[in-house]
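Read the structure below first, then the notes.
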There are 2 protein chains.
Amino acid sequence: MKIGQLAQQTGTLVDTIRYYEREGLLPRAARTEGNYRIYDAVHLERLAFIRRCRSLDMTLDEIRVLLCFRDRPLESCEDVNTLLDAHINHVADRIRELLQLEKQLLTLRECCRDGRQAADCGILNELSHGATEVAGPSVSESHLSATHAGGRRHVVQRTQEQGED
Amino acid sequence: MKIGQLAQQTGTLVDTIRYYEREGLLPRAARTEGNYRIYDAVHLERLAFIRRCRSLDMTLDEIRVLLCFRDRPLESCEDVNTLLDAHINHVADRIRELLQLEKQLLTLRECCRDGRQAADCGILNELSHGATEVAGPSVSESHLSATHAGGRRHVVQRTQEQGED
DNA sequence: TGGAAACCCTGTAGCAACTCCAGAGTCAAG
DNA sequence: CTTGACTCTGGAGTTGCTACAGGGTTTCCA
């Protein structure tokens, strides 16, 4: 099958598939005479695996490791467990951070219940004046962060339509 | 004061301060004869404000809006409240997403309690085989995402030491 | 058969919010 | 006068894509 079909079947953008190939997550695809990439069921399986991992918010590096294990089925899978545990810890850490952040924000929000002049706004005053410390890396001292996505703003995976066969 | 001192007092990297200036969050600083930036208490206050907002995980765009209100103290601060409410919602959404993700990961982890061969690893099998759907954008359909930081991996704000005065 | 539509190719730039580096200039102390 | 600490500018790199531009290929339909 061609790249567009693979994209559709896995809910991936064509560009993303090419990106994974560049990154070495997918092997270089064979080509037709016209230089089109062609894929088979093995590719589809592998890409589906990658997408499933991504939907669990794993990094490409983490996925690379998992793929590595898939490719060597005789080795012990202990490191898979370790990796997953680490990932679970990342997520748990981030949840804790965000809960704390939420609390701070709600406290801040309490400072100004109704519309006033900005000069009297409790929120602006609070932020200017600093009950919250400045330097303290309260959030994001672990390797993961960001309430807002880095670089992918509207991730509406709109698999482009291909003529139905 | 010079940029290094400002950096130290706010727990900010020098590069970050210059970046904020480029981005228009800080006004262009006056210069010495030797072309060094010089700052005063007003700059320090403003930077501290920015850093406090950042520690609450606001985007630079959100902060720009808040700074705008600070600069026009006679206007109503209603939009400040609105902005903060929106931000709180972002954070709450993200928490919900991550809690769901955590649950999925823990379920996955249950698939392989002890070290086996990778071929028999319940986790790898589960990921390959897809009880979790592929295409579903379960995580990150809102505009914010990322368990792992986009672009800043270890955000250990190590304010570089300057000779003690 | 011809031409348009739909698909594919490569390469490059952009996002957010920085961080880091090179290569050069400035300044204070010894 | 040199050393070292500090500063400057400009540019590249980070993550995981996404979105072009500017071309080539295939397919479909009249």
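Sequence lines set the chain letters: A, B, ... in the order given, protein chains first and strands last, and positions in each chain run from 1.
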Could you check whether any side-chain heavy atom of L6(B) comes within less than 4.5 Å of a side-chain heavy atom of I17(B), counting everything from C-beta outward? yes
From C-beta outward on I3(A), which listed nucleotide comes closest to its side chain: dT7(D), dC8(C), dC17(D)? dC8(C)
Side-chain N or O of Y20(B) versus OP1/OP2 of dC18(C): is the shortest distance under 4.0 Å? yes
Is a donor on one side and an acceptor on the other found under 3.5 Å between the side chain of R64(B) and the backbone of E23(B)? yes
Taking dT9(D), dA17(C), dT18(D) as options, the one with an atom nearest any side-chain atom of T16(A) is dT18(D)
Nearest whole angstrom, please: distance from the P of dC6(D) to the CZ of R31(B). 19 Å
When you measure from the side-chain N and O atoms of R22(B) to the phosphate of dG11(D), is any distance below 4.0 Å, counting only OP1 and OP2? no
Just checking, is any N or O donor in the side chain of R46(A) or Y20(A) under 3.5 Å from an acceptor N or O on the other one? no
With heavy atoms under 4.0 Å as the rule, sort R37(A) into base, sugar-phosphate or nothing. sugar-phosphate
Expressed in angstrom and rounded to an integer, what is the separation of Y19(B) atom OH from dT14(D) atom P? 17 Å
Grab the CG-C1' distance between L6(B) and dT7(D) for me, whole Å please. 14 Å
Rounded to whole Å, please give me the gap between CG in D15(B) and P in dG13(D). 16 Å
Given DNA chain C, 5'-ward residue of the pair Y36(A) and D61(B), judged by closest heavy atom: Y36(A)
Min side-chain heavy-atom separation L66(A)-M58(A) under 4.5 Å: yes
Checking dG16(D), dT19(C), dA19(D) against the side chain of L13(A) (C-beta onward), the nearest is dA19(D)
Would you kindly compare I38(B) and R64(A) by the position of their nearest DNA chain D nucleotide and give the one closer to the 5′ end? I38(B)
What integer distance in Å separates N35(A):CG from dG22(D):C1'? 16 Å
Rounded to whole Å, the CE-C1' distance (M1(A) to dC8(C)) equals 16 Å
To the nearest 10 degrees, the angle between the two end axes of the helix from dT1(C)-dA30(D) to dG30(C)-dC1(D) (five pairs per end) comes to 30°
Please report the closest heavy-atom contact between E102(A) and A92(B), naming both atoms and the distance. OE2-CB, 3.6 Å
Where do M1(A) and D40(A) come nearest, in terms of heavy atoms and distance? CE-O, 4.0 Å
To the closest 0.5 Å, what do you measure between OG1 (T16(A)) and CZ (R54(A))? 10.0 Å
Mind calculating the distance between CZ (R18(A)) and P (dT18(D)) to the nearest angstrom? 13 Å
When you measure from the side chain of K2(A), which nucleotide among dC8(C), dT7(D), dC17(D) comes out closest? dC8(C)
Could you tell me the separation between the CD atom of E23(B) and the C1' atom of dG14(C), rounded to a whole number of Å? 14 Å
